[in-house]
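Reading through the structure tokens given below for one structure.
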Amino acid sequence: MPLLTQRIQDESVQYSLVASLDNVRNLSTILKAIHFREHATCFATKNGIRVTVENAKCVQANAFIQAGIFQEFIVQEESITFRINLTVLLDCLSIFGSSPTPGTLTALRMCYQGYGHPLMLFLEEGGVVTVCKINTQEPEDTLDFDFCSTNVINKIILQSEGLREAFSELDMTSEVLQITMSPDKPYFRLSTFGNAGSSHLDYPKDSDLMETFLCNQTQVNRYKISLLKPSTKALVLSCKVSIRTDNRGFLSLQYMIKNEDGQICFVEYYCCPDEEVCESEY
Amino acid sequence: VSNMVAKLAKTCALRISPDKLNFILSDKLAGGGASLWCELQQEDFFSEFQMEGVSADNNEIYLELTSENLARALKTAQNARALKVKLTNRHFPCLTVSVELISVSSSSRIVTHDIPIKVIPRRLWRDFREPCIPDSDVSIYLPVLKTMRSVVEKMKNISNHLVIEANLNGELNLKIETELVCVTTHFRDLGNPPLASENASQDRSPDQMAEVQIDIRKLLQLLAGQQVNPTRALCNIVHNRIVHFDLLHEDVSLQYFIPALS
């Protein structure tokens, strides 16, 4: 990418974050998986970038893009935080078209000077260069779900295909999705209670789809379906999903996503349980 | 062709003369004033052609029709063996398109579409004269339209206006700017056609940009209609006034004008 590098060198500015990528889709696909709200907060450290999207103080989605995914990744400060319009960012990242054309890759170079400065994107495909300057915003505090692995009570790892169909056909007239995890029958059950009646979907413990099954205690929790539905985007892309609940009934969904170059990224959704049931449970 | 025209305009005028067919759209008042002039050589399309205009001097017919209707009628004609287009007057003036189709059993069927039209009276003809091409400041070949289309499509999501600028050094930029974001796509090494002789723009420095701010939807309409890359695509810019696209397919020439936003 001589064009790109040349352009950057012209500007003798000290960037606090520089990241380049040969295939922009490795980044845009992951970000699409958490694109259910307009704005996102980005945190960059030397390990990589975490992008967080939240809704209604009840659900949080995190996309982790490790430094290793990038061909070049330099962070000058300990950590960098900014808020950005994710919709615009995605439009910019896919400016040369969102569907892949065989044989052409879009390269990306991303630079950020620091607080108060715009995020600069340099995209190049077939000699055509696009420069985007996206204004950043004051970072907002993100929720700390305090989801600690020592508090995890039940954990299941599934092949994503097993859950994909179930999620895409969820009865949206039901307000909640009830997740039952138990060391005994029914082991793992998804239930909805809609206008047309309730439905239960059971996964046996020894199913081929089940990779790990570690349940210590029966837990029945309800989650707002409207909050969980956005995670379908990540589910569709992922190959494995880990479902965990902790002692407070908080749900963590971790999706393992393989990108076009075979590298692995993670997208994580946290969701708090529906309160009424919560109280009766305790 | 009609498909391409249908993408650009709801209604258009069709000018029929002994040797040419023209689709014309001159949107003077409403719609921001984009205009179109599309020319087809009669002999390239029809094996038999008969027409009679008002008089020998003015051997022309002007019609107004809904371009979508024509596009739809001609869609069935894609695998047709023969196609006939006639001007008829059933209960109202019509353009009759009869398509001869071959079915599996090799018996042929004829499908007829009657497209209602309005005949344009002679006193209005002068509204539909061939547009004069303005002396441009910069004339440049367009990049691959597919790339340009996807860029403009994404830009449309962000902004309504687009600045198109180019210089005599083979560079063309598409720019949008909003409060949130500022995006510029740079195309280079596009090449400029040799200038038409005593054009004023000769004393222009090659790097100086001529720019026009236009309605992004108008540009996208043009690009969306171009399914195949034209054999020649040219963009002429008159600084802050108008941008003129001149697209040449094998036997169709299309001229599209987008005026600058004030």
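Quick note on labels: first sequence line is chain A, next is B, and so on, each numbered from 1. Computed from heavy atoms alone, side chains included, the values below leave out hydrogens, waters and symmetry copies.
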Measure the SG-CD1 distance between A:Cys132 and B:Ile176 for me, rounded to the nearest 0.5 Å.
-> 8.0 Å

Heavy-atom count around A:Gln76 CD within 6.0 Å, excluding the residue itself: above 12?
-> yes

In Å, rounded to the nearest 0.5 Å, how long is the span from CD1 of B:Ile158 to CD1 of A:Ile134?
-> 7.5 Å

So with a 6.0 Å cut-off around CD of A:Gln66, is the heavy-atom count from everything else above 12?
-> yes

Kindly indicate whether the side chain of B:His186, heavy atoms from C-beta on, has any atom under 4.5 Å from the side chain of A:Val131.
-> yes

Determine which pairs satisfy salt bridge (charged side-chain N to carboxylate O under 4.0 Å, His left out) with at least one residue from residues 68-95 of chain A, sequence neighbours left out, and list them in order.
-> A:Glu72-A:Arg109, A:Arg83-A:Glu140

Evaluate the side-chain proximity of B:Val183 to A:Cys92: yes if any heavy-atom separation is below 4.5 Å, no if none is.
-> yes

Close side-chain approach of A:Ile95 to B:Met155, heavy-atom, < 4.5 Å | yes

Where along residues 232-241 of chain B does a heavy atom come under 4.5 Å of chain A, listed by residue number?
-> none

Does NZ in B:Lys156 sit with more than 12 non-hydrogen atoms of other residues, nucleotides or ligands closer than 6.0 Å?
-> no

Residues in side-chain hydrogen bond (donor to acceptor under 3.5 Å, both in side chains) contact with B:Tyr141, at least two apart in sequence or another chain = none

Does A:Asp141 CG have over 12 foreign heavy atoms under 6.0 Å away?
-> no

Qualifying residues under side-chain hydrogen bond (donor to acceptor under 3.5 Å, both in side chains), relative to B:Thr184, sequence neighbours excluded = none

Check whether any side-chain heavy atom of B:Lys154 sits under 4.5 Å from a side-chain heavy atom of A:Leu93, and report yes or no.
-> no

Please report the shortest heavy-atom distance between B:Glu179 and A:Asn135, naming the atom on each side.
-> O-ND2, 2.5 Å

Can you find a pair of side-chain heavy atoms, one from B:Thr185 and one from A:Val128, that are under 4.5 Å apart?
-> yes

For atom NZ of A:Lys229, decide whether the heavy atoms of other residues, nucleotides or ligands shown that lie under 6.0 angstrom number more than 12.
-> yes

